[in-house]
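Only a predicted model underlies this, so the values are computations on that prediction, with no experimental measurement involved.
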Amino acid sequence: MSFFPMFIKLENVSCLVVGGGGVAHRKAMVLCDFGALVTVVAPEICPELCQMDGIEYCIRNYRESDLRGRCLVVAATDDEDMNRRISQDCRARGIPVNAVDQPEDCDFIFPSYLRKGEVVAAFSSGGRSPVITQYLRQKNETVLTDTLGQLAECLGSLRQTAKKQIREPHKRREFYYELLQLGLAEDRIPEETEILNVMREVMEDGPYETVADE
């Protein structure tokens with residue numbers, strides 16, 4: 001059964017990573033990249049993990065009490081039985097858990113992803129073939145550019161104005177699409193005068209009425 005693709009907010013969310021090696025380091029990096037509050041528990045912690053900022057460390061063995069207050073857990077030890085125990089503890093408490101390289105003990109998986117600003121593209125093979133997900137990621141690196149991330153910010157900042165000025169939803173979509181095409185064609189953010197011109201052209205192409213915010 002495939003994993004359902006779902007994006008969740010991790011900013012300021014308490015997450016636990018059990019394990020102190022390279023795999024734990026990579027998982028902690030991803031969680032931190034999305035603003036999570038990460039605690040690492042392991043009897044030994046690799047230098048790469050120790051050098052990360054903003055992480056709380058507990059240099060000892062895992063305890064069931066470590067799950068208190070956690071919203072998400074990663075079991076990344078080199079002991080399959082320990083990872084399974086952590087998974088069982090989490091499931092008994094309704095806490096989503098990822099047990100590295102043990103799909104049967106996972107409630108979620110870490111996809112391969114690309115991120116540019118607020119735009120995120122994620123790829124998964126259900127944990128079966130990391131080679132395929134890495135291939136998909138590399139193929140899309142030329143599409144998901146820094147400019148596209150900046151364009152997302154630009155279009156997002158115009159939503160309230162467009163909603164006020166352009167009543168018809170299909171015309172608003174046309175407005176956003178035209179600005180997107182302009183930005184991608186010239187690899188830049190449209191200037192204010194260009195945005196106003198596109199809005200004017202869209203509004204003049206049929207009936208127009210100003211409405212209040214919905």
I189, L184, L182 screened by side chain to side chain contact (heavy atoms under 4.5 Å, CB included) with E186, the one that passes: L182
Reported NE2-to-CD distance for the pair H25 and Q51, which is rounded to 0.5 angstrom: 8.0 Å
Heavy-atom side-chain proximity of V73 to L67 below 4.5 angstrom: yes
Option among D89, D105, D101 that satisfies the salt bridge (Lys or Arg N to Asp or Glu O under 4.0 Å) test with R84: D105
Side chain to side chain contact (heavy atoms under 4.5 Å, CB included) between I55 and C32, worked out: CA-CA 8 Å; I55 290 183; C32 288; 3.9 Å; yes
Exercise: identify the closest heavy-atom pair between I195 and C154: CD1-SG, 4.3 Å
same_hphob_cluster(L10, I109) at 4.5 Å side-chain heavy-atom cutoff: no
Contacts of type salt bridge (charged side-chain N to carboxylate O under 4.0 Å, His left out), residue D146, not counting sequence neighbours: K116
Note, P190 side chain near V198 side chain (heavy atom, < 4.5 Å): no
Joint hydrophobic cluster, L37 plus V41, side-chain heavy atoms closer than 4.5 Å: no
R63 atom CZ: more than 12 heavy-atom contacts under 6.0 Å: no
Whether over 12 other heavy atoms sit under 6.0 Å from N197 CG: yes
Residue pair V100 / K27, side-chain heavy-atom distance below 4.5 Å: yes
Heavy-atom pair with the smallest gap, counting every atom of C15 and A36: SG-CB, 3.8 Å
R159 atom CZ, neighbour heavy-atom count above 12 within 6.0 Å: no
Derivation and outcome, ring pair (Phe, Tyr, Trp, His ring centres under 6.0 Å), residues F3 and F110: CA-CA 11 Å; F3 284 85; F110 282 75; over 10 Å; no
Identify all side-chain donor-acceptor contacts of residues 119-126 below 3.5 Å with residues at least two apart in sequence or on another chain.
residue, atom, partner, partner atom, Å
S124, OG, G126, N, 2.9
S125, OG, R128, N, 3.4
S125, OG, S129, N, 2.8
S125, OG, S129, O, 3.1

Transitive ILVMFWY side-chain link L16 to M82, under 4.5 Å: yes
Beyond-backbone contact of L72 with I8, side-chain heavy atoms, under 4.5 angstrom: yes
Spatial distance of atom CG (L179) from atom CD (E194) [nearest 0.5 Å]: 9.0 Å
Verify same cluster id: L151, L196 (apolar side-chain graph, 4.5 Å): no
Pairwise side-chain contact, I45 with I59, heavy-atom cut-off 4.5 Å (strictly under): yes
Heavy-atom closest pair, residues A28 and L49: CB-CD2, 4.0 Å
F108 CZ to N98 CG distance, which is reported to the nearest 0.5 Å: 4.5 Å
Student check: side-chain heavy atoms of D79 and R85 closer than 4.5 Å: no
Over 12 non-hydrogen atoms of neighbours within 6.0 angstrom of CZ in R68: no
Side chain to side chain, V97 and V74, heavy atoms closer than 4.5 Å: no
Heavy-atom side-chain proximity of E153 to E118 below 4.5 angstrom: yes
E168/R172 under salt bridge (charged side-chain N to carboxylate O under 4.0 Å, His left out): CA gap, chis, key distance, verdict: CA-CA 6 Å; E168 298 89 344; R172 287 201 296 271; over 6 Å; no
For C106 against R91, the heavy-atom pair lying closest together: O-NH2, 3.1 Å
Sidechain-backbone polar pair: R137 side chain, Y113 backbone, donor-acceptor under 3.5 Å: yes
Approximate separation, where rounding is to 0.5 Å, of L136 CG and E141 CD: 11.5 Å
Over 12 non-hydrogen atoms of neighbours within 6.0 angstrom of CD in E80: no
Atom pair CD1 (I166) and CE (M199), whose distance is rounded to the nearest 0.5 Å: 4.5 Å
Closest approach of G19 to A42 (non-hydrogen atoms, all atoms of both residues): C-CB, 3.5 Å
In one Ile/Leu/Val/Met/Phe/Trp/Tyr side-chain cluster, 4.5 Å: L144, Y177: no
Donor-acceptor pair between Y62 and N83 side chains, under 3.5 angstrom: no
Main-chain N/O of P169 paired with R167 side-chain donor or acceptor, under 3.5 Å: no
Nearest-0.5 Å distance that lies between atom CZ in F34 and atom NZ in K9: 13.5 Å
Stepwise salt bridge (charged side-chain N to carboxylate O under 4.0 Å, His left out) check, E178 with K171: CA-CA 10 Å; E178 292 297 329; K171 288 186 177 293; over 6 Å; no
